[in-house]
Each structure stands twice: as structure tokens, then as C-alpha cells.
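Positions are given from 1 along the sequence. None of these values were measured; they are calculated from a predicted model.
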Amino acid sequence: MPAKQIFFRPAILCICLFLLAAATLSAQQLRYQFKNYTPSDGLPSSETYQVLRDAKNYMWFATDHGVTRFNGYDFETFNLADNSIMGLYEDSRKRVWAYTFSGRLFYYVNGKFEDYQWNEKVMEAIQPGVIQGMYVDSVETVHLSSSGPYYVSITKDGYLKRENELSRNARFEAIEVSRPDYFVRVKSYPE
């Protein structure tokens, strides 16, 4: 018998035994633990509109009774001048922004939320709608998508630009903010 055949038969036998053993072994199943947080755990309300995980791995909750930050153990609630928070956004400077049902903007800095200095202009510009999304670009221009039906941008100096275009079909524009996040705005609305 040639030397190759002598080596080949035990190798085949070992491979078959290995595959048979691997097929009979069962792997441990992953078990996830889920916790349903309620107002009794520290949330200000069970009506939550958006959840955001920031760069420091805090969880932020936009609720109809304010903004809450969760560190994994405790909730910290921030009461703002307008507490019906519709959404949250973290900009490139790691500030967490909150936008409200009435159109006001707030941003978190130095352990507290500050009013956005151009809130009056923003609230007037988005009426009769509500803010549906936002982002802040590298030159501190705030971009807002509204159901108004307007797209609003306001520079850090307070120059406001509002766009609205009616057409037969709705058209959308997606702007890549950072991978994998996009800011989507409606460029034109149906008549």
C-alpha cells in the first residue's frame, strides 16, 4: 500500500469524527435581559418620543414631561421652560440638543440645559408645524426640518433662511451628518 493511502485514510477518519462530534455538541444560547423602565423607576413619564445614546454612553429620553438622562443606574430629569420634548440630537461638539413641541431649542452644556438664543425666530419660522429633525453643521448653523412645511436654517449670527417649494410630487434630500447618521428634509411638498 502506498504511503499516501496509509496517511489519507486516518486523516479522512479524523475529519469525519470531528464533524460528527461538532454536530452533536450544542452551543449555549444567549439570553438577553430586558427591563421595562416606568415612572416608578425614575422616568418622568411613560410617554417617550425619542431615545438617544450620547458619546459618553448616557441614555437620554425625550418625554412629554422633560428630558431624562440615564447612567445605567439612576435617572436625572431636567425640567426645561418647555417640557414637551419631541426629539434629541447630539452635535459634533458633543452637546445634546432638545427640541420641543412648540419649536423651542435647548442644548446641554456645563451640566444644564441652555435656551438657544434664536428661539423666537425659530418658533415663528416653523409655524404652523413642529420640528421633525435637526442637525448642527461645522460652522454652527442649525438646520431644522419642520412639518410646517418648511426647512429652516439659522446661522450662529441669527441669519434665518426658510425654504418651501410646492410641486406635484414630494422630493426629499438626505444629508450625511456623520456615518451612519443622515438628516432628511423635504425639498418640495405636493400642492
Side-chain angles (χ1 to χ4, degrees), residues 39 43-55 58-70 75-167 170-178 181-191:
L43 273 175
S45 170
S46 58
E47 191 169 334
T48 301
Y49 299 115
Q50 187 178 6
V51 178
L52 169 78
R53 187 178 94 185
D54 71 6
Y58 286 109
M59 296 297 293
W60 294 83
F61 299 89
T63 75
D64 63 336
H65 290 290
V67 177
T68 299
R69 182 175 69 175
F70 184 60
F75 289 95
E76 181 180 7
T77 300
F78 301 91
N79 289 311
L80 308 178
D82 185 354
N83 267 341
S84 187
I85 311 300
M86 299 302 292
L88 301 164
Y89 168 74
E90 184 179 23
D91 67 13
S92 61
R93 293 176 54 194
K94 308 303 179 218
R95 295 177 297 187
V96 173
W97 291 74
Y99 50 91
T100 67
F101 183 74
S102 66
R104 293 178 74 176
L105 300 174
F106 301 90
Y107 58 92
Y108 184 77
V109 64
N110 298 326
K112 62 183 180 175
F113 275 92
E114 299 285 336
D115 270 308
Y116 180 57
Q117 66 179 342
W118 307 114
N119 267 340
E120 296 302 320
K121 285 185 174 185
V122 169
M123 287 174 18
E124 183 179 320
I126 66 161
Q127 292 305 318
V130 296
I131 298 172
Q132 294 181 318
M134 72 171 292
Y135 86 96
V136 181
D137 65 19
S138 61
V139 292
E140 297 292 310
T141 299
V142 175
H143 301 268
L144 302 168
S145 177
S146 161
S147 66
Y150 303 109
Y151 160 73
V152 176
S153 63
I154 186 164
T155 65
K156 66 180 177 179
D157 300 324
Y159 173 74
L160 185 127
K161 179 180 170 186
R162 180 168 95 172
E163 295 178 28
N164 179 20
E165 179 184 329
L166 295 175
S167 70
R171 291 185 311 170
F172 297 89
E173 176 182 44
I175 302 165
E176 185 174 7
V177 177
S178 64
D181 295 329
Y182 288 86
F183 171 74
V184 177
R185 73 175 183 115
V186 181
K187 287 190 73 156
S188 63
Y189 292 84
E191 296 176 21

| said: Side chains of V139 and K156, heavy atoms from C-beta outward: is any pair under 4.5 Å? | reply: no
| About how many Å separate OG of S145 and CD1 of I126, when rounded to the nearest 0.5 Å? | 10.5 Å
| Reported OG1-to-CG distance for the pair T100 and D64, which is rounded to 0.5 angstrom | 12.5 Å
| query | Are any non-hydrogen side-chain atoms of L144 and Y151 less than 4.5 angstrom apart? | reply | no
| query | Do I154 and Y116 come close enough that some side-chain heavy atom pair is under 4.5 Å? | reply | yes
| message | More than 12 heavy atoms of other residues, nucleotides or ligands under 6.0 Å from CD of E120: yes or no? | response | no
| query | With no hydrogens and no angle check, is any side-chain donor or acceptor of D157 less than 3.5 Å from a backbone partner on Y159? | reply | no
| said: Is it true that, when you exclude E140 itself, more than 12 heavy atoms of the residues, nucleotides or ligands shown sit nearer than 6.0 Å to its CD? | reply: yes
| How about F78 and Y108: are their ring centres within less than 6.0 Å of each other? | yes
| Got a second to check how far L52's CG is from Y58's OH, nearest 0.5 Å? | 13.5 Å
| task | Kindly give the heavy-atom pair with the smallest separation between P39 and S45, and that separation in Å. | result | CG-C, 4.0 Å
| task | Go through N83 and H65 one step at a time and tell me if the side chain to side chain contact (heavy atoms under 4.5 Å, CB included) criterion holds. | result | CA-CA 5 Å; N83 267 341; H65 290 290; 5.5 Å; no
| said: What I'd like to find out is whether the side chain of L105 reaches to under 4.5 Å of the side chain of M134, using heavy atoms alone. | reply: yes
| said: For F101, is the CZ atom crowded, meaning more than 12 foreign heavy atoms sit under 6.0 Å from it? | reply: no
| request: Name all residues meeting the ring-ring contact (aromatic ring centres under 6.0 Å, His included) criterion together with Y107; count only those two or more places apart in sequence or in a different chain, and write none if there are none. | output: W97
| request: Indicate the atoms forming the closest heavy-atom contact of T48 with F61, along with that distance. | output: CG2-CD2, 4.1 Å
| query | Side chains of V96 and R69: closer than 4.5 Å at any heavy-atom pair? | reply | no
| field | Check: K94 side chain, A55 main-chain N or O, donor-acceptor pair, under 3.5 Å | value | no
| said: Please report the interatomic distance CG(L160) to OG1(T155), rounded to the nearest 0.5 Å. | reply: 8.5 Å
| query | Which heavy-atom pair separates V152 from A125 by the least distance, and what is that distance? | reply | CG2-CB, 4.0 Å
| Is a side-chain donor or acceptor of Q50 paired with a backbone partner of A62 at a separation under 3.5 angstrom? | no
| note | For G133 and Y99 the tightest heavy-atom approach is CA-OH, 3.8 Å
| field | Note, T63 side chain near T77 side chain (heavy atom, < 4.5 Å) | value | no
| Beyond-backbone contact of I131 with M86, side-chain heavy atoms, under 4.5 angstrom | no
| request: Grab the two heavy atoms, one from V67 and one from A98, that are nearest each other, plus how far apart they are. | output: CG2-CB, 4.0 Å
| task | Determine whether F75 and L43 make a side-chain contact, defined as any pair of heavy atoms from C-beta on separated by less than 4.5 Å. | result | yes
| Under the side-chain hydrogen bond (donor to acceptor under 3.5 Å, both in side chains) test, residues paired with W60 that sit two or more places apart | D54
| query | How close do Q127 and M123 get, heavy atom to heavy atom, and via which atoms? | reply | CG-O, 2.9 Å
